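Here the structure comes first, spelled out in structure tokens, and everything after it is commentary.
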Amino acid sequence: MPELPEVEVTCQALKAVLEGFSITEIQLNRPDLRYPLPPNLENEICLYSIQSVQRRAKYLLIDFEHGKTLIWHLGMSGRVIVETPEIPFLKASPHDHVIFRTSNNHKITYRDPRRFGFIQLTPTSQLASVNPFNTLGPEPLNNPELNVLIFHNRMKKHTKPIKNALLDQKIIAGIGNIYASEALWQARISPLRAANSLTQPESALLLKELQDVLKRAIAAGGSTLRDYVRPNGEVGYFQYIFKVYDRENKLCEHCEVTNLSKIIQCGRATYYCKICQK
DNA sequence: AGATGAGCCTGAAGGC
DNA sequence: TGCCTTCAGGCTCATC
């Protein structure tokens with residue numbers, strides 16, 4: 001799925017067409033995604049002005065004027081497609097589960113073949129206290145409350161491998177399987193080391209490379225593997241500059257002598273260079 | 001505290 | 001061509 005960069009790209013596109021406008025109509029093509037859709041969703045949110053569209057970790061948050069927030073997670077295969085009235089381009093699919101129409105005549109389609117995504121509604125005032133927002137770690141980007149010392153101290157509390165710690169949304173939010181491998185390779189740190197073995201300079205480097213890879217991925221429109229496309233229907237381009245992800249047995253571009261390895265950590269594929277990642 | 005496996009689903013890719 | 005198996009960007013739960 002969509003990791004942080006893909007959700008961020010989706011968020012920016014939704015922001016442009018939703019903020020200051022409202023949803024006028026919702027077409028629900030099934031009663032549930034991963035969880036049941038909120039009851040009376042149309043009555044709950046239609047015609048109320050949308051104050052903001054934000055991203056927290058891998059969640060989209062849509063705040064309405066009457067104090068409700070729509071929580072939207074894209075799961076593994078979810079994608080959001082925004083169509084302008086002038087240029088409809090989307091060919092309908094049986095996996096188009098929810099379709100929103102907006103007061104500025106846009107059509108927003110939620111397509112999710114695997115249906116691991118979900119949509120929930122909560123009072124905005126309670127958002128910070130509901131699962132998972134009450135336990136989420138800090139945002140890695142544009143977050144004045146995150147610095148090297150805080151990141152280092154959070155990693156220091158865990159004996160599990162660094163790769164698993166990066167995927168743990170309670171330690172740091174938004175990192176998924178692709179960008180965890182990419183950032184560790186950039187920082188030349190082994191995914192197998194215990195999180196609490198990082199020195200402070202290593203933590204500083206890892207945080208810098210995490211932020212770098214996330215920013216570059218956002219700028220590239222995210223990564224398109226199987227399902228994700230940008231809301232305008234274009235694919236993202238970051239997959240063309242993966243340095244380690246899905247590159248088993250390809251040459252490491254750091255040392256230029258070793259082929260990259262693939263191992264399984266906690267049931268997830270990790271790609272890394274055995275030689276230059278220490 | 002951490003690891004592992006199962007489960008939620010479908011579709012793509014690879015092997016035969 | 002077609003059938004079968006494996007694997008996939010996330011997250012949660014139970015169990016060890």
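Throughout, protein chains are lettered first and strands after them, A, B, ... in sequence-line order, and every chain is numbered starting at 1. Computed from a prediction, not measured in an experiment: that's the story for all the values here.
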Does [X] reach a base, just sugar-phosphate, or nothing at all? Heavy atoms under 4.0 Å.
| X | result |
| --- | --- |
| Gly267(A) | nothing |
| Pro94(A) | nothing |
| Asp112(A) | nothing |

Problem - Pair Lys243(A) + Glu182(A), salt bridge at N-O below 4.0 Å - result: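 The answer is no: the pair does not qualify as a salt bridge.
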Problem - Cationic N near anionic O, under 4.0 Å, Asp212(A) to Lys208(A) - result: no
Write down the distance between [atom1] ([X]) and [atom2] ([N]), rounded to a whole number of angstrom.
| X | N | atom1 | atom2 | result |
| --- | --- | --- | --- | --- |
| Ile264(A) | dG5(B) | CD1 | C1' | 13 Å |
| Asp246(A) | dA8(C) | CG | P | 8 Å |
| Arg247(A) | dA8(C) | CZ | P | 17 Å |
| Gln169(A) | dG10(C) | CD | C1' | 8 Å |
| His73(A) | dC9(B) | NE2 | P | 17 Å |
| Asp168(A) | dC11(C) | CG | C1' | 11 Å |
| Asn177(A) | dC11(C) | CG | P | 11 Å |
| Tyr59(A) | dC11(C) | OH | C1' | 7 Å |

If you measure from the [atom1] atom in [N] to the same atom in [M], how many Å do you get, rounded?
| N | M | atom1 | answer |
| --- | --- | --- | --- |
| dG10(C) | dA1(B) | P | 23 Å |
| dC7(C) | dT4(B) | P | 16 Å |
| dG5(B) | dT6(C) | P | 15 Å |
| dA6(B) | dT5(C) | P | 16 Å |

Of the listed nucleotides ([options]), which one gets closest to any side-chain atom of [X]?
| X | options | result |
| --- | --- | --- |
| Arg115(A) | dA3(B), dT12(C), dC9(B) | dC9(B) |
| Glu3(A) | dT12(C), dG10(C), dG11(B) | dG10(C) |
| Thr159(A) | dG2(B), dA3(B), dT10(B) | dG2(B) |
| His158(A) | dG2(B), dT4(B), dC9(B) | dG2(B) |
| Ala269(A) | dA8(C), dT4(B), dC9(B) | dA8(C) |

Exercise for the section: Treat each ILVMFWY residue as a node, draw an edge where side-chain heavy atoms are under 4.5 Å apart, and state whether Ile171(A) and Phe151(A) are in one component. Expected result: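 Yes, because Ile171(A) and Phe151(A) connect within a single hydrophobic cluster, where side-chain heavy atoms sit under 4.5 Å apart.
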Of the non-hydrogen atoms in [X] and [Y], which two are nearest, and what is the gap between them?
| X | Y | answer |
| --- | --- | --- |
| Thr109(A) | Glu83(A) | OG1-OE1, 4.3 Å |
| Ile264(A) | Ala269(A) | CD1-CA, 4.0 Å |
| Pro140(A) | Leu4(A) | CG-CD1, 3.7 Å |

Problem - Residue from Leu70(A), Ile62(A), Ile50(A) passing side-chain contact (heavy atoms from CB on, under 4.5 Å) with Ile23(A) - result: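 By the side-chain contact (heavy atoms from CB on, under 4.5 Å) criterion, Ile23(A) pairs with just one of Leu70(A), Ile62(A), Ile50(A): Ile50(A).
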Handout entry: Watson-Crick and G-U pairing of DNA chain B written in dot-bracket, each distance under 3.5 angstrom, with | for inter-strand partners
Key = .|||||||.|||||||
Problem - Side-chain donor-acceptor contact under 3.5 Å, Thr159(A) with Asn196(A) - result: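 Result is no, nothing qualifies.
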Answer yes or no: does a side-chain N or O of [X] lie under 4.0 Å from OP1 or OP2 of [N]?
| X | N | answer |
| --- | --- | --- |
| His95(A) | dC9(B) | no |
| Lys58(A) | dC11(C) | yes |
| Lys262(A) | dA8(C) | yes |

Handout entry: Ring-base stacking, Phe116(A) with dC9(B) (5.5 Å, 30° cut-offs)
Key =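 Stack criterion not met.
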Exercise for the section: Decide yes or no, distance alone: a donor-acceptor N/O pair under 3.5 angstrom between the base of dC9(B) and the side-chain of Arg114(A). Expected result: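 By the distance-only test, yes, there is a pair.
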Problem - Polar pair under 3.5 Å, donor/acceptor by atom type, side chain Arg34(A), base dC9(B) - result: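 When only heavy-atom distances are counted, Arg34(A) does not reach the base of dC9(B) through any donor-acceptor pair under 3.5 Å.
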Exercise for the section: Would you please classify the geometry between the Phe118(A) ring and the His73(A) ring as parallel, tilted or perpendicular, with 30° and 60° separating the classes? Expected result: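 Because their plane-to-plane angle is under 30°, the rings of His73(A) and Phe118(A) count as parallel.
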